[in-house]
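Protein chains get the first letters and strands the later ones, always in sequence-line order, with residue 1 at the start of each.
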Amino acid sequence: MVEITSPHFKENAVEALSDENLQKAMRHLRGNFTAKRAAAAAALPEFEALRDNARDIKNHVLTHLDLYLEAYEERVTAQGGKVHWAADAQEARNIVLDICRKADAKTVTKGKSMISEEIDLNAFLERNGITPVETDLGEYIIQLRGEHPSHIIAPAVHLNIDQVREDFRRAHSHLPPDRAMKEPESLLREARGILRKKFLSADVGITGANFLVAETGTSVIVTNEGNGDLTQILPKVHVVIASIEKIVPTLEDMSQIVRVLARSATGQEMSVYTTLSTGPRRKEDPDGPEEFHVVLLDNGRSSMIGTEFQDMLRCIRCGACMNHCPVYQAVGGHAYGWVYSGPMGAVLTPTLIGVDKAGHLPNASTFCGRCEEVCPMHIPLPKMMRSWREREFERHLSPVSYRSNLKLWAWFAKRPALYRPLAGLAMRSLSLMGGRRGRFSALPMAGSWTKDRDLPAPQGGTFISQWRNKRGRT
Amino acid sequence: MSEARDIILGRICASLSENGKAGGDEARHEEVEKRLRGHPQGVVPHPADAKQAVVDRFIDKAQAAGATVEKAKQGDVAKAVSAFLRDHNLPQQLRVGADERLEQITWQSRGAPELLSGPSDGNDLSGLSHAFAGAGETGTLVLTSGPDNPTTINFLPENHIVVVDAQDIEFDYEAIWTRLRHKAGAGKMPRTVNLITGPSRSADIEQTLIMGAHGPVRLHIIVVTG
Ligand code: SF4
């Protein structure tokens, strides 16, 4: 299993803030994604209307999810594919293993999939004698390092080029030691060459899905590198692993959401490859997989329907909320201690692994509201983090000192007019009100956080005031 | 039917009915049926302009996405393909499917590229495909799988040349879905439909954008104008 370190978010965060390599790498994230997203959104006059419609489509799907899933399954089957249902991670892993065994698979190539991370598929396949090969460049790098992604669309964002170079030197020891490795181009080229052979020799290809289209039984991946495509067209078996909420009714509905996805994620108008796959290769097709399987994973999602966390099921994993989150920008994704990070992780993790295991993740927020502002699906992330925080409090999972401070914090948080200027100008007096200063440092807006956050970018002020200043510019 | 299937669908229904949302089973069915059959359009960015404006927009957007684009008359496609290969010091050799429109290209008798037919096995430097359509909205090519245009040609060769008829360039994706339904039949799809916007790329090392990742390093589009 992936070791869950979410309960140690605070310790992880403190460590992250003093990790020089990480801080160096995270500098590339700040500003990069945010500026590009802002430009892409501004360039499309219908962007806001599309967001509203994207939200409405997913809301409609969620209240008809059973019927759309049945329709999707019917269409996949009619075109020669097979749908497998997995109530939890263990079932999903076993289904994939079973498919691999039947195909007598030794090597499995993989397109980028967060569901694969969620069910910890790679370690499981390895334990069963099957070699999984991650083929997205970022995923490949972190697989070499034995790490997990720190960002849902930029898995290696926590690394700098020197680290990647060292990893390639170590892992590709059969290549001449004096080869060109200075520029990122030469490293990409090297990975391309090595992975090309893997693509061509793999027995099974596993991809995720950004969408499952009920109308046609189609699964859709959205990528830039082309690795997902090589993963799914070359081996004789293609397995899609996807969670149940990925359903959209029609190609038109998919197009609505596609229009906000890339713009929110990377600031592209359209990702390079949007690939629609339906069933196995047809009789007359000269290429493509002979078998097509879809593993539909629930893993707790069906129970979110009808709760205050239902809105989270609209998430399209664009990463905008994390790119714009001051906490994520400061500490990176690994501090969150499990698969999903940033604001979406802070909300999703407790629903998937339990609030007892997710610990204080929902506290990993300054409640600046930026995540909700940029979320293409209008997911009320801060509100849901607050809900978790309240639940956690009610369930008395917090240590006593923590709870009393939380109560005070909640009082301020509900009064933003008071809280914001106070947090900005009178951190000291706030902590006086909280009692001993040391105790207050466990709180998200407390001095130690602000102090460390300001190290790499010492403009001073709180996250919120910094954001307010920045917002004028971006 | 599998146990997990019943559990998952059961849980969804239970969650929905607890909140009074699953009521009126027939009405829910009908609504889903209606949407799947009617596939209503949502917000479509612009009304389609005159065809010429759409083609120009397609060219601008494809170039902005890193593709190279040229217009050519039907009779000049052969010349354009050969020139592209020559300009990039590539051997005059192409992997190509059985698309009739590509077979009709009349190659010059001297120095015509050698055509290798069928899917790519990864040893081809250049491939030639014919697109099903183009979307002017974002400069996106739409290619469909089959013997005419094997999907491997879209991804394995480092250089991908794609021919698209100007008359097949629509403004929005929705117009293309309509055509696709017409071709494949309602509720059906070719095995693979590729929407391609520029050559492959990665920004996974320090967020530096590098062109040419696992797919083609170069994407060259020839818009046939008649
Ligand atoms: S919560 Fe919203 S912004 Fe965050 S990844 Fe999901 S869709 Fe994107």
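- Annotation: side chain of A:F292 is in contact with side chain of B:R191 (closest heavy-atom distance under 4.5 Å).
- For the pair B:E206 and A:K24, the salt-bridge criterion is not met [side-chain N within less than 4.0 Å of a carboxylate O].
- Neither the backbone nor the side chain of A:T266 comes within contact range of chain B, judged by heavy atoms closer than 4.5 Å.
- Proximity to chain B (any heavy atom under 4.5 Å) is restricted, for A:T218, to the side chain, taken from C-beta onward.
- At a 4.5 Å heavy-atom cutoff, the contact between A:Q232 and chain B is made by backbone and side-chain atoms alike.
- Only the side chain of A:H60 comes within less than 4.5 Å of a heavy atom in chain B; its backbone stays farther off.
- Heavy atoms of B:P40 lying under 4.5 Å from chain A belong exclusively to its backbone.
- B:E100 CD: 12 or fewer foreign heavy atoms inside a 6.0 Å radius.
- In this structure, chain B has a heavy atom under 4.5 Å from the side chain of A:L44, while its backbone stays farther away.
- Nearest heavy-atom pair across A:S302 and B:I12 is CB-CG1, 3.7 Å.
- In this structure, B:E3 and A:W85 have side chains that are not in contact, with every pair of non-hydrogen atoms separated by 4.5 Å or more.
- Closest of all the heavy-atom pairs between A:Y273 and B:G215 is OH-CA, 4.0 Å.
- In summary, the side chains of B:S200 and A:E225 do not present any donor paired with an acceptor at a separation below 3.5 Å, with no hydrogens or angles considered.
- Taking all atoms of both residues into account, the shortest heavy-atom contact from A:R192 to B:A213 is NH1-O, 2.7 Å.
- Both the backbone and the side chain of A:N227 come within less than 4.5 Å of a heavy atom of chain B.
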Go through the steps for B:S2 and A:H84 under the test side chain to side chain contact (heavy atoms under 4.5 Å, CB included), then give the verdict.
CA-CA 8 Å; B:S2 81; A:H84 309 258; over 6 Å; no

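- Both the backbone and the side chain of A:D66 come within less than 4.5 Å of a heavy atom in chain B.
- Of the two parts of A:M304, neither the backbone nor the side chain holds a non-hydrogen atom closer than 4.5 Å to a non-hydrogen atom of chain B.
- In summary, B:E158 and A:R189 engage in a salt bridge, as defined by a charged side-chain N under 4.0 Å from a carboxylate O.
- With respect to B:R35 and A:E215, no salt bridge is recorded, no charged nitrogen being found less than 4.0 Å from a carboxylate O.
- In this structure, A:E252 contributes its side chain and B:G42 its backbone to no donor-acceptor pair below 3.5 Å.
- Neither the backbone nor the side chain of A:A54 comes within less than 4.5 Å of any heavy atom of chain B.
- Between B:R181 and A:L251 the shortest side-chain heavy-atom distance falls below 4.5 Å.
- With respect to B:R57 and A:E269, no salt bridge is recorded, no charged nitrogen being found less than 4.0 Å from a carboxylate O.
- The contact between A:L62 and chain B is made entirely by backbone atoms, counting heavy-atom distances below 4.5 Å.
- The shortest side-chain heavy-atom distance between A:R259 and B:E137 falls under the 4.5 Å cut-off.
- Across B:S202 and A:L188, no two heavy atoms sit closer than the pair CB-CD1, 4.3 Å.
- A heavy-atom distance below 4.5 Å is found between the side chains of A:L230 and B:L156.
- Between atom CG of residue B:N194 and atom CG of residue A:L276 there is a gap of 8.5 Å, rounded to the nearest 0.5 Å.
- Across all their heavy atoms, B:H214 and A:R196 have their closest contact at O-NH2, 2.9 Å.
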Between B:Y173 and A:Q256, is a side chain to side chain contact (heavy atoms under 4.5 Å, CB included) present by the stated rule, with each step listed?
CA-CA 10 Å; B:Y173 316 125; A:Q256 294 292 293; over 6 Å; no

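- The heavy-atom pair separating A:A71 from B:L36 by the smallest distance is CB-CD1, 3.8 Å.
- Heavy-atom distances place no part of A:A25 under 4.5 Å from chain B, backbone and side chain included.
- In terms of non-hydrogen atom pairs under 4.5 Å with chain A, the most contact-rich of B:L9, B:I8, B:T192, B:I205 is B:I8.
- Inter-residue side-chain proximity for A:L65 and B:L16 is flagged as unmet; no heavy-atom pair is nearer than 4.5 Å.
- Within the 4.5 Å cutoff, no side-chain heavy atoms of A:P249 are placed close to those of B:V32.
- Counting heavy atoms from C-beta on, the side chains of B:F155 and A:I233 come closer than 4.5 Å.
- Contacts between A:D253 and chain B at a heavy-atom distance below 4.5 Å involve the side chain alone, from C-beta outward.
- In this structure, chain A has a heavy atom under 4.5 Å from the backbone of B:D121, while its side chain stays farther away.
- For A:R75, the part lying near chain B is the side chain, with the backbone staying farther off; criterion is any non-hydrogen pair under 4.5 Å.
- Neither the backbone nor the side chain of A:Y140 comes within less than 4.5 Å of any heavy atom of chain B.
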